[in-house]
Amino acid sequence: MTMMPTAHICAQDNQWTTIRNGQIWLTDNGDTVQAHAPGFLHKDGKWYMVGEDRSKAFRPDVNLYSSSDLVTWHFENKIIRNHVTIPELGRRRMIERAKLMYNAQTGKYVVWCHYESFNYAASEAACFECDSVNGDYKLVWSGRPLDIKSRDCNVFQDTDGSAYFISTTEENQHLGLFRLSDDYHQAVEHTELFRHQRREAPAIIKIGQYYFMFSSACSGWDPNQCKMSYSMDLRQGWSELANIGDAIAYDTQAAAILEIKGSKQTTYLYVGDRWMDPDLPQSKIIIFPITFDGTQCEFNYREQFEINLATGEWR
């Protein structure tokens with residue numbers, strides 16, 4: 001995205017936003033955006049981005065930003081703080097891959113994340129909740145979901161409002177799909193996916209009758225081949241993993257797939273982390289459009305592109 005902040009933009013049919021990759025994102029105040037492994041929520045015409053503050057590389061807080069154009073980001077709050085939200089955070093525990101959801105049934109904002117010890121022995125998850133999107137979140141629950149070791153993770157909300165936590169399980173061997181309770185507070189059902197295929201960084205999007213999942217292999221901070229699978233049922237029938245993009249996913253690891261639903265078309269944006277570029281605190285966020293044709297995905301990196309958020313068109 002553009003390195004310099006721009007003026008506040010309200011999406012109109014004749015307005016195009018330019019997105020440039022490979023640069024450090026800055027807030028509207030000129031501060032560095034710290035939102036690694038980001039999660040996104042689109043609500044009331046605004047995008048919210050939650051992610052790891054890696055300015056203290058291995059003791060990340062969780063930051064929240066907002067934007068109307070996916071370029072100009074405003075810092076909202078450090079919604080989960082080391083030593084404050086939970087005393088053990090930053091001492092014996094850390095948070096990775098915080099993801100944000102809104103529960104329309106309860107009116108609450110919920111964060112699920114990887115909740116880990118510094119030697120990765122805990123293998124746990126955690127759930128936090130707040131009445132407002134940018135408030136101070138409180139811990140609801142932490143532990144191994146349904147007593148299953150859980151690490152690298154994401155969330156997915158289906159079109160019927162049901163929510164899922166998906167993570168790499170049992171020492172990174174499988175992917176675990178956990179259906180959440182109606183209040184999104186706890187896992188109530190587990191389905192094992194991609195057994196012994198050692199996938200992580202899962203990101204799911206539903207398009208028409210198909211669910212698409214993007215994931216990477218487990219190779220630490222080093223990038224590897226992104227693979228995609230699709231199914232008509234979250235719990236079963238996933239296709240064989242297929243390579244997309246180049247051999248290192250354009251030096252990224254999947255974080256989210258955004259849906260831009262405009263007046264003329266719907267565009268999907270891949271969001272990935274370019275870890276250790278040049279170091280962990282300065283790792284880049286990369287975003288580019290991807291297209292779907294049936295069960296096929298065109299996954300081509302764009303150094304720069306323009307998007308019209310009102311119409312959904314890109315060029």
Side-chain angles (χ1 to χ4, degrees), residues 37 39-42 97-106 110-114 125-127 141 144-170 172-218 226-244 253-259 261 266 268-272 290-297 299:
F40 295 85
L41 173 67
H42 186 247
R97 294 198 182 275
K99 305 296 180 179
L100 177 65
M101 297 181 287
Y102 175 69
N103 189 321
Q105 186 171 323
T106 65
V110 179
V111 166
W112 272 77
C113 62
H114 179 197
C127 170
W141 172 88
R144 294 178 177 174
L146 300 178
D147 296 322
I148 297 170
K149 288 183 178 181
S150 173
R151 290 180 182 162
D152 212 81
C153 65
N154 212 324
V155 297
F156 173 71
Q157 285 179 279
D158 211 338
T159 49
D160 63 0
S162 57
Y164 298 83
F165 177 73
I166 180 168
S167 65
T168 178
T169 58
E170 303 299 355
N172 298 347
Q173 294 187 80
H174 329 298
L175 283 179
L177 178 74
F178 297 91
R179 184 172 62 84
L180 301 180
S181 55
D182 289 344
D183 56 12
Y184 298 0
H185 285 179
Q186 59 185 331
V188 295
E189 178 185 275
H190 168 247
T191 304
E192 191 174 82
L193 303 176
F194 302 104
R195 183 173 176 79
H196 295 305
Q197 297 197 46
R198 299 187 64 80
R199 308 303 297 171
E200 68 174 14
I204 299 175
I205 185 76
K206 186 179 184 181
I207 303 174
Q209 60 183 335
Y210 289 106
Y211 300 91
F212 295 86
M213 184 192 304
F214 299 76
S215 65
S216 70
C218 301
C226 182
K227 292 179 182 285
M228 187 195 77
S229 181
Y230 61 88
S231 177
M232 296 177 68
D233 188 330
L234 277 174
R235 297 173 179 82
Q236 61 185 354
W238 287 94
S239 66
E240 292 293 322
L241 292 164
N243 293 345
I244 56 173
Q253 186 181 49
I257 310 295
L258 307 185
E259 180 183 69
K261 189 173 292 186
T266 298
Y268 299 93
L269 299 177
Y270 167 87
V271 183
I290 58 177
T291 58
F292 295 85
D293 182 6
T295 58
Q296 303 300 307
C297 176
F299 189 84

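The structure displayed is predicted, hence computed values, not measured ones.
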With rounding to the nearest 0.5 Å, note down the distance linking OG in Ser229 to CD1 in Ile204. 10.0 Å
Residue list, ring pair (Phe, Tyr, Trp, His ring centres under 6.0 Å) with Phe292, at least two apart or on another chain: Phe212, Tyr268
Please report the shortest heavy-atom distance between Asp233 and Trp238, naming the atom on each side. O-NE1, 3.7 Å
Examine distances only and state if a side-chain atom of Asn154 and a backbone atom of Ala255 form a donor-acceptor pair shorter than 3.5 Å. yes
Is the ring pair Trp141/Trp112 parallel, tilted or perpendicular, if the boundaries are 30 and 60 degrees? tilted
Counting distance only, does the side-chain N/O of Asp160 pair as donor-acceptor with the main-chain N or O of Ser162 below 3.5 Å? yes
Contact summary for Gly208 and Lys206, nearest pair of heavy atoms: O-CE, 3.5 Å
Output for pair (Ile166 CD1, Met213 CE), nearest 0.5 Å, gives 3.5 Å
Between atom OH of Tyr270 and atom CG of Leu258, what is the distance when rounded to the nearest 0.5 Å? 11.5 Å
Does any non-hydrogen side-chain atom of Ile290 lie less than 4.5 Å from one of Ile257? yes
Only counting residues at least two apart or in another chain, list the ones meeting ring pair (Phe, Tyr, Trp, His ring centres under 6.0 Å) with Phe214. none
Tell me, yes or no, whether the heavy-atom count around Gln296 atom CD, taken from other residues, nucleotides or ligands under 6.0 Å, exceeds 12. no
How close do Ala163 and Gln157 get, heavy atom to heavy atom, and via which atoms? CB-CG, 4.2 Å
Output yes when a side-chain donor or acceptor of His174 lies under 3.5 Å from a complementary backbone atom of His196, and no otherwise. yes
Trace of the side chain to side chain contact (heavy atoms under 4.5 Å, CB included) decision for Tyr211 with Asp158: CA-CA 10 Å; Tyr211 300 91; Asp158 211 338; 2.6 Å; yes
Atom CZ of Phe178 and atom CG of Leu180: how far apart are they, to the nearest 0.5 Å? 9.5 Å
Nearest heavy-atom neighbours spanning Val188 and Leu146: C-CD1, 4.1 Å
Answer yes or no: is there a side-chain heavy-atom contact under 4.5 Å between Phe165 and Cys127? no
From CA spacing to verdict: side chain to side chain contact (heavy atoms under 4.5 Å, CB included), Tyr184, Val155: CA-CA 11 Å; Tyr184 298 0; Val155 297; over 6 Å; no
Separation of Ile207 CD1 from Thr295 OG1 (nearest 0.5 Å): 11.0 Å
Under 3.5 Å donor-acceptor, Lys99 side chain and Ala37 backbone: yes
Donor-acceptor pair, distance only, cut-off 3.5 Å: does the side chain of Ser239 make one with the backbone of Tyr230? yes
Using a 3.5 Å distance criterion without hydrogens, assess whether the side chain of Thr168 forms a donor-acceptor pair with backbone atoms of Arg151. no
Looking at every heavy atom in both Asp152 and Ala201, which two are closest together, and how far apart are they? OD2-N, 2.8 Å
Report the C-alpha distance between Thr169 and Lys149 in whole Å, list the side-chain angles of each, state the deciding distance to 0.1 Å, and finish with yes or no for side chain to side chain contact (heavy atoms under 4.5 Å, CB included). CA-CA 5 Å; Thr169 58; Lys149 288 183 178 181; 5.8 Å; no
Between Glu200 and Gln253, is the side chain to side chain contact (heavy atoms under 4.5 Å, CB included) condition met? List the steps. CA-CA 9 Å; Glu200 68 174 14; Gln253 186 181 49; 2.9 Å; yes
Would you name the heavy atoms of Ile148 and Glu170 that are closest together and state the gap between them? CG2-OE2, 3.5 Å
Roughly how far apart are Ser216 OG and Arg198 CZ, rounded to 0.5 Å? 11.5 Å
